[in-house]
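A note on names: the letters A, B, ... follow the listed sequences, proteins ahead of strands, and every chain is numbered from 1.
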Amino acid sequence: MPELPEVEVTRRGIAPALIGRRVTGVTLRTPALRYPLPRSLASNIRGAPLEGIDRRGKYLLLHFAAGHVLLHLGMSGTLRLVPPDAPPGKHDHVDIAFGNISLRMNDPRRFGALLWIEGEPTEHPLLASLGVEPLERGFTGKALHKSLHGRSAAIKQAIMDSHVVVGVGNIYASESLFRAGISPRTTAGRVSLVRLEKLVTAIKETLRAAIRAGGSTLRDFFGSDGDPGHFQLEHLVYGREGEPCRRCGTTIRMIRQGQRATFYCSKCQT
DNA sequence: CTGGTCACCTGGAAGC
DNA sequence: TGCTTCCAGGTGACCA
């Protein structure tokens, strides 16, 4: 489910309802997701107001006076707002109650994470080495050109490397490369500056469009069995193996790069 | 440092 | 119908 747009839409969906409210309870229903859950969480944040929610890459940070809750949704995680007495369903691992509303984390595959951080979040090992934010000014063709210099990995794998740029997942990597007209197999260090500038623009456009598309599902974060995070853009190439390219009609191909499926048009992308 | 592979875990779909 | 196999939006650990 979650690439950067989904995480950002989640942040926007839950923030207005929760910021400024005090934690009234914490329920942990499983010992661990990707990492053990912090058993001390309730004592750390009960009674404290949520001061803000930020996103870094695909991580969410819930700020409290005493520290920060670091959340990652992994492959299958979702956050939803529910009434505090809503009975937990399968894979509802964590509830953080804020009076008459609860933030509920569901994650069937349990690749997600919830950590308690004291001190400066940006210094936490999981965040310290992350690359540039793709929607911020620092993500430019020049910057990308510099960080890819000398790299022999394929461009598709390079832009999915969170130490280069955060938040570009498997779907949007294929989509962005199609929009930029770049073959996913091209050696990252050999893509010209001009083409990387196109790629940066394509990544920004792709992510922004996906966030926009998700905006219409914001109401789904409240109650209901809605499925926030399952909105999607009309994909240009992802998942379209064997179908005609929307631009030129050539049959879309699928290859594997580092165990991940890559979709592309061999005519539009060179 | 870099790139390649594996592991973590569950569930849905496809194949037989 | 039921069993088996493959695949899935992420990413840290480990190895050469």
Name the one of A:E8, A:E133, A:E136 that satisfies salt bridge (Lys or Arg N to Asp or Glu O under 4.0 Å) with A:R56?
A:E133
May I ask you to say whether A:K58 pairs ionically with A:E3, meaning some side-chain N is under 4.0 Å from a carboxylate O?
no
Nucleotide of B:dC6, B:dG3, C:dT11 approaching A:Q259 most closely (side-chain heavy atoms):
B:dC6
Without swapping roles, check the side chain of A:K156 against the backbone of A:R185 for a donor-acceptor pair under 3.5 Å.
no
Under the 3.5 Å rule, do the base of B:dG3 and the side chain of A:Q157 count as making a donor-acceptor pair?
no
So what does A:G169 touch, heavy atoms closer than 4.0 Å: a base, only the sugar-phosphate, or nothing?
sugar-phosphate
Could you spell out the base pairing of DNA chain B in dot-bracket, with Watson-Crick or G-U pairs whose two distances are under 3.5 Å, [ ] crossing and | to another strand?
.|||||||.|||||||
I'd like a list of close polar pairs between nucleotides 10-12 of chain B and the protein, N/O only, cut-off under 3.5 Å.
| residue | atom | partner | partner atom | Å |
| --- | --- | --- | --- | --- |
| B:dT10 | OP1 | A:R110 | NH2 | 2.3 |
| B:dT10 | O4' | A:P108 | O | 3.4 |
| B:dT10 | O3' | A:H91 | NE2 | 3.2 |
| B:dG11 | OP1 | A:K90 | NZ | 2.9 |
| B:dG11 | OP1 | A:H91 | NE2 | 2.7 |

Mind checking if A:R256 touches a base, just sugar-phosphate, or nothing, with heavy atoms under 4.0 Å?
sugar-phosphate
Using the six-membered base ring of B:dC9, report whether A:F111 stacks on it, requiring centroids under 5.5 Å and planes under 30° apart.
no
Side chains of A:T262 and A:Q257: any donor to acceptor distance under 3.5 Å?
yes
Show me the side-chain donor-acceptor pairs of residues 244-252 of chain A shorter than 3.5 Å, one per line, residues at least two apart or across chains.
| residue | atom | partner | partner atom | Å |
| --- | --- | --- | --- | --- |
| A:R246 | NE | A:H235 | O | 3.1 |
| A:R246 | NH2 | A:H235 | O | 2.9 |

